[in-house]
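Beneath this line is the structure, given in C-alpha cells, with notes to follow.
Quick note: residue numbers are just sequence positions, from 1. For ligands, and for the atoms within them, numbers begin at 1 and follow the listed sequence.
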Amino acid sequence: MSLASDRTRHGVLTVFVITEQVCKQVIGRGDAFAAVEAVFAAMAKGDAWNFPVVREAIGYADALYGFKSGFDKAGLSLGLKSGGYWPGNMKKGLTNHQSTIFLFDPDTGQLQALVGGNYLTAVRTAAASSVSIAHLARKDARVLGMVGAGHQSTFQLLAALEQREFEKVIGWNLHAPELEKLSKIADQKGLAFEAVEREQLASEADVIITITSAHESLIMKDWVKPGSHIACMGTDTKGKQEVDPELIAQASVFTDEIAQSITIGETQHAIANGLIGENDITAIGDVINGTHPGRTSDAEITLFDGTGVGLQDLAVASASVKLALEQGLAQEVTL
Ligand code: NAD
C-alpha cells in the first residue's frame with residue numbers, strides 16, 4: 001500500500017482515521033477472505049512475520065490488555081492491534097472485546113492510520129476459518145455444525161456458508177436460546193437449522209466450527225465422522241480448549257502460525273500431552289501456496305487451529321484504508 005507519498009509536507013503529518021462504521025461500510029467478506037488468504041500465503045513464504053504477542057491482566061476493571069503486531073513485507077503492512085477484553089463493558093452498552101489497529105509507514109515509521117478493530121476482528125477471524133474450509137473441506141460438504149453462539153458465531157456462519165453448497169446447519173451452545181441468531185441466518189439463506197447435542201453435531205456435520213471460550217473438550221475424537229473438516233477458532237489463550245487432544249492426534253492439523261498454535265492455540269494440549277509434535281502441524285499458507293497438498297483423501301479428518309495472528313488484523317486494516325480512501329470515507333487528521 002502506498003499511502004506514504006505526500007503525507008508529510010512542511011513537517012505536518014496526515015493520519016487517516018477509519019472508524020468502526022466506515023470499516024463496516026467498506027470491507028465485505030470477499031475483501032477479508034482475499035486479504036487473509038494472501039497474508040497466510042506470505043507468512044508461509046517467509047515474507048511476513050508476527051512479533052511476540054503481549055497479553056496481560058492489568059489489575060484494573062478485570063481487563064486483559066495486549067498487542068498483536070507484525071510486518072508484511074509482501075503487502076507492506078506494518079503495525080499492531082492494541083486492545084483486549086473488558087468483562088464489565090456489556091453493562092455499559094459496549095462490546096467486551098475492544099481493539100484499535102495502528103498502521104505505520106514501513107519506509108519511515110510514521111503513523112499512517114488508526115483503524116477501528118472490533119468489526120475487523122470478527123471479519124478477519126471468520127475469513128480465517130473460511131479460508132481453511134475453502135482449502136481443506138471436502139467439496140461435497142453439505143452439513144455445517146456450529147459449536148458456540150456468541151458474538152463471533154454469526155460472522156463465522158455467514159463466511160462459512162459461502163465456501164460450500166451447504167444444505168443444513170446444526171448448532172450447539174451452552175445456553176441453547178442463543179442459537180436463535182444462527183437459526184435466523186440459516187433461515188434467511190433458505191437452509192434448515194436444528195439445535196442438537198454435541199455428539200450428534202459431530203457425527204452429522206461435514207464441517208464443524210468451534211467458536212467458544214471453553215476450557216475443556218467439547219468435541220470428542222470418537223464422535224467425529226471420517227472426512228470431516230474442523231475449524232477450531234475459539235482457543236487463543238493458554239488454558240482454553242475446545243476439542244479432544246486425541247482428535248488432534250488423529251487429524252491432519254493445519255494452523256495460521258505454528259508458534260502460536262502450540263503455545264496459545266488448540267494444539268497446546270496435544271503438544272503438552274506428547275500426542276503430537278510441532279512437525280505434525282502444517283501452516284495453512286503452505287496449502288495456499290501449493291507446497292503442501294492439504295487434504296489427500298475423502299476419509300481424512302482435517303483440523304484448522306485458527307489462533308488469530310496480528311498480520312490478519314493488519315491485512316484487513318490495510319484493505320479498509322485503501323477502500324475507504326477510494327470511496328472518500330477516510331477522515332484525515334493532521335498532526
Ligand atoms: P462471546 O463471549 O460472545 O461468546 C462466548 C461463547 O463461548 C458463547 O457461545 C458461550 O456459550 C461459549 N462458552 C463460554 N464458556 C463455555 C464453556 N465453558 N463451554 C462451552 N461453551 C462456552 O465471545 P466471542 O466474541 O463469540 O468469542 C468466542 C471465542 O473466540 C472467545 O474465546 C474469543 O477469545 C475467541 N476469539 C478468537 C479469535 C481468533 O482469532 N482465534 C478471534 C476472536 C475471538
Side-chain angles (χ1 to χ4, degrees), residues 32 35-36 39-40 43 50 53 55 62-66 68 70 81 83-91 94-99 101 117-132 145-160 171-183 185 195 197-199 201-202 208-220 230-244 254-257 260-261 263-268 284 303-316:
V36 168
V39 84
F40 284 166
M43 283 162 60
N50 291 291
V53 174
R55 196 163 161 90
D62 263 343
L64 278 177
Y65 171 73
K68 281 187 170 181
K81 178 167 84 170
Y85 187 75
W86 276 259
N89 274 6
M90 282 289 241
K91 286 189 203 129
L94 300 169
T95 316
N96 287 352
H97 289 274
Q98 289 293 328
S99 60
I101 300 162
N118 296 350
Y119 168 75
L120 290 185
T121 297
V123 165
R124 66 77 149 144
T125 306
S129 65
S130 69
V131 164
S132 86
M146 296 294 305
V147 178
H151 178 68
Q152 305 293 328
S153 66
T154 53
F155 294 88
Q156 292 284 326
L157 175 57
L158 283 163
W172 176 88
N173 191 56
L174 198 54
H175 307 290
E178 288 173 34
L179 289 168
E180 179 64 22
K181 52 179 169 294
L182 301 184
S183 167
I185 290 175
E197 290 305 321
R198 284 178 280 137
E199 185 166 355
L201 184 145
I208 301 171
I209 297 177
T210 60
I211 183 74
T212 73
S213 308
H215 285 67
E216 66 201 281
S217 302
L218 300 175
I219 300 292
M220 304 309 291
I230 306 151
C232 298
M233 304 306 297
T235 298
D236 55 1
T237 307
K238 211 168 170 50
K240 280 192 190 171
Q241 182 176 14
E242 296 188 294
V243 304
D244 183 1
F254 301 84
T255 189
D256 41 23
E257 189 185 80
Q260 256 191 214
S261 173
T263 49
I264 60 168
E266 190 61 41
T267 72
Q268 63 180 287
I284 187 114
L303 185 145
F304 174 68
D305 180 12
T307 65
V309 293
L311 282 168
Q312 277 170 264
D313 298 301
L314 304 189
V316 288

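- The backbone and the side chain of His151 each have at least one atom closer than 4.0 Å to an atom of ligand 1 (non-hydrogen atoms only).
- Under the 3.5 Å distance criterion, the side-chain polar atoms of Gln312 are matched with a main-chain donor or acceptor of Arg124.
- Looking only at side-chain heavy atoms (C-beta outward), Asn118 and His97 stay at 4.5 Å or farther from each other.
- When all heavy atoms are compared, the tightest approach of Ile208 to Leu201 is CG2-CD2, 4.0 Å.
- Side-chain N/O atoms of Ser261 and Asp305 include a donor and acceptor closer than 3.5 Å.
- Atoms of ligand 1 lying under 4.0 Å from at least one heavy atom of Gly148, given by number and element, are 9 (O).
- For the pairing with Thr121, the side chain to side chain donor-acceptor pair (under 3.5 Å) check across His151, Gln98, Lys81 returns one residue only, Lys81.
- In summary, the atoms of ligand 1 found under 4.0 Å from a heavy atom of Asp236, numbered by their order in the structure, are 33 (C), 34 (O), 35 (C), 36 (N), 37 (C), 38 (C).
- Nearest protein heavy-atom neighbour of atom 12 (C) of ligand 1: Thr212 CB, 3.8 Å.
- Of all protein heavy atoms, the one lying nearest to atom 35 (C) of ligand 1 is Gly234 O, 3.4 Å.
- Contacts between Asn173 and ligand 1, counted as non-hydrogen atom pairs separated by less than 4.0 Å, involve the side chain only.
- The two atoms that bring Ser217 and Arg198 nearest to each other are O-NH1, 4.0 Å, heavy atoms only.
- Using modelled atom types, no side-chain atom of Glu178 and backbone atom of Gly150 make a donor-acceptor pair closer than 3.5 Å.
- Judged purely by atom type and a 3.5 angstrom limit, Asp256 uses its side chain to pair as donor or acceptor with the backbone of Thr307.
- Atom 2 (O) of ligand 1 is never approached by the protein to below 4.0 angstrom, counting heavy atoms only.
- The proximity of Asn96 to ligand 1, defined as any non-hydrogen pair under 4.0 Å, does not occur for either the backbone or the side chain.
- Nearest non-hydrogen protein atom to atom 26 (O) of ligand 1 is Gln152 N, 2.8 Å.
- Looking only at heavy atoms of the protein, atom 30 (O) of ligand 1 is closest to Ile211 CD1, 3.4 Å.
- With respect to atom 42 (C) of ligand 1, the closest heavy atom belonging to the protein is Thr125 OG1, 3.2 Å.
- Side-chain atoms of Asn50 come within 3.5 Å of backbone atoms of Leu311 as a donor-acceptor pair (strictly under, hydrogens ignored).
- With a 4.0 Å heavy-atom cut-off, ligand 1 is reached by no atom of His215.
- Closest to atom 31 (C) of ligand 1, if we only count protein heavy atoms, is Ser213 OG, 3.3 Å.
- Closest of all the heavy-atom pairs between Val243 and Cys232 is CG1-SG, 3.8 Å.
- Of all atoms in ligand 1, listed by their number and element, those nearer than 4.0 Å to a heavy atom of Arg124 are 39 (C), 40 (O), 42 (C).
- Leu174 CD2, 3.6 Å is the protein heavy atom nearest to atom 16 (C) of ligand 1.
- Given atom 19 (N) of ligand 1, the protein heavy atom at minimum distance is Ala214 CB, 3.6 Å.
- Residue-level proximity to ligand 1 for Ala149 is carried by the backbone, the only part with a heavy atom below 4.0 angstrom.
- Side chain of Asp62 to backbone of Pro87: no donor-acceptor contact under 3.5 angstrom is found.
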